[in-house]
Amino acid sequence: GVKWAYNGPDGEHNWSSSFPFCGGAFQSPIDFQTELLRYDPNLPPIQVQNYNLSTNEQLTLSNNGHSVQLSLPSHMYISSLPHRYSAAQLHFHWGSSDLLTGSEHTVNGKRFAGEMHIVHFNSEKYPNISMAVDKYDGLAVLGVFIEIGDFNPAFDRFFKFMNGIKYRDQKIQVPAFNIRTLLPARLDEYYRYDGSLTTPPCYPSVLWTVFRRPVTISRKQFLALATALYASHAQETATVPLHGNYRKPQLADNRVVLVSFKD
Ligand SMILES: NS(=O)(=O)c1c(F)c(F)c(S(=O)(=O)CCO)c(N[C@H]2CCCc3ccccc32)c1F
Ligand SMILES: [Zn+2]
């Protein structure tokens with residue numbers, strides 16, 4: 001497809017010339033400013049099913065040039081939304097080795113070190129994610145803020161393999177594990193709003209759920225994520241580091257952000 005980047009001439013300010021939705025409404029990410037938030041007592045805790053994958057399953061870990069992504073089996077799903085949303089993949093957004101802030105969503109302007117997204121599609125209405133990706137009720141993404149803190153053994157279940165996918169389009173198989181261990185303890189506190197893919201083609205097709213509580217990984221783990229990967233192919237002479245892969249906050253367009261927590 002048409003190439004795009006996070007910086008330079010193909011950067012986000014030019015996405016809309018090749019991807020018109022990127023210049024449209026209902027774009028993501030956004031800044032969760034206090035005045036946009038509205039408490040909704042009817043928002044139920046997020047419930048996920050079959051996240052505890054068995055270790056004899058294998059997942060594909062790949063560098064797609066924009067992020068590091070882990071493929072997920074569609075028997076994993078979210079059961080607490082109006083429709084069943086089945087998992088497709090998870091990926092990350094991060095800053096760089098000297099800019100330890102690379103989350104996409106922000107809270108009153110605070111940017112976290114990084115952000116993980118678990119992408120699901122409405123498997124009740126669509127047979128696969130390609131058919132769902134551009135539909136208004138097609139996708140549901142779970143967002144998790146990442147902060148620098150204690151070492152996180154759950155993330156090392158695949159961070160330790162990143163040297164095998166240093167370059168764009170490289171992929172390896174890794175043993176599956178319990179994906180629930182990547183999520184924060186509390187799944188009852190989250191931000192909820194209607195938005196879009198944060199990369200081209202920016203379809204406004206995402207029901208966003210961003211958990212209030214961040215997870216932590218160690219500085220060493222973060223630096224591994226922020227410095228291990230290249231956006232360029234292995235045979236290219238000019239290496240392009242893969243970092244700073246986060247879109248800036250978009251206009252809220254008087255959207256309301258629902259929150260499941262009061263204080
Ligand atoms: N932040 S975000 O909006 O959640 C988000 C990303 F940031 C992101 F980089 C990706 S990508 O890694 O696929 C690279 C660019 O599409 C995706 N992919 C989704 C949407 C596009 C089609 C597709 C097909 C199969 C599986 C996942 C996806 C993405 F949804
Ligand atoms: Zn993402």
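All figures in this text were calculated on a predicted structure; none of them were measured in a lab. One-based numbering, in listed order, for ligands and for the atoms of each.
Atoms of ligand 1 found under 4.0 Å from any heavy atom of Leu197, numbered from 1 in the order shown, are 3 (O), 20 (C), 30 (F). Atoms of ligand 1 found under 4.0 Å from any heavy atom of Val119, numbered from 1 in the order shown, are 4 (O), 30 (F). Residue contact check: Thr199 has heavy atoms under 4.0 Å from atoms 6 (C), 7 (F), 8 (C), 9 (F), 15 (C), 16 (O) of ligand 1. Within ligand 1, counting atoms from 1 as listed, the ones closer than 4.0 Å to a heavy atom of His93 are 1 (N), 7 (F). Annotation for ligand 1: atoms under 4.0 Å from non-hydrogen atoms of His117 are 1 (N), 4 (O). Atoms of ligand 1 found under 4.0 Å from any heavy atom of Gln69 (numbered from 1 in listed order, with element): 12 (O), 13 (O).
Only the side chain of Ile129 comes within 4.0 Å of ligand 1, counting heavy atoms alone; its backbone N, CA, C and O stay farther away.
Below 3.5 Å of separation, one finds no N or O of Ser67 facing any N or O of ligand 1. Between Asn64 and ligand 1, an N or O atom pair is found at a separation short of 3.5 Å.
The closest side-chain donor-acceptor pair between Ser28 and Trp208 falls under 3.5 angstrom.
We find that Glu189 and Lys262 are not joined by a salt bridge, their nearest charged nitrogen and carboxylate oxygen being 4.0 Å or further apart. A salt bridge between Lys135 and Asp137 is absent, with no side-chain N of the basic residue lying under 4.0 Å from a carboxylate O of the acidic one. Salt bridge status for Asp194 with Arg255: absent, with no side-chain N to carboxylate O gap under 4.0 Å.
The two residues Tyr51 and Asn178 come nearest to each other via the heavy atoms O-OD1, 3.4 Å. The minimum heavy-atom distance linking Gly95 with Phe222 is given by the pair N-CZ, 4.0 Å.
Proximity of atom 19 (C) of ligand 1 to the protein is not indicated, since no non-hydrogen protein atom lies closer than 4.0 angstrom.
With His66, Gln89, His91 as candidates, the residue nearest to atom 13 (O) of ligand 1 on a non-hydrogen basis is Gln89.
Aromatic ring centres of His93 and Phe145: separated by at least 6.0 Å. Aromatic ring centroids of His120 and Tyr77 lie 6.0 Å or more apart.
Annotation: angle subtended at the Zn ion (ligand 2) by His93 NE2 and His91 NE2 is 110°, to 10°.
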For this session: Begin with the C-alpha distance, continue with both residues' side-chain angles, and end with the deciding distance and a verdict on ring-ring contact (aromatic ring centres under 6.0 Å, His included) for Phe158 and Phe92.
Result: CA-CA 12 Å; Phe158 56 94; Phe92 295 85; 5.7 Å; yes

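The N, O or S atom of His117 lying closest to the Zn ion (ligand 2) is ND1.
In this structure, Arg212 forms a cation-pi arrangement with Phe261, its terminal cationic atom sitting closer than 6.0 Å to the ring centre and no more than 45° off the ring axis.
With respect to atom 3 (O) of ligand 1, the closest heavy atom belonging to the protein is Thr198 N, 2.9 Å. Protein heavy atom in closest approach to atom 22 (C) of ligand 1: Val133 CG2, 3.8 Å.
Residue Glu104 places a heavy atom under 4.0 Å from ligand 1.
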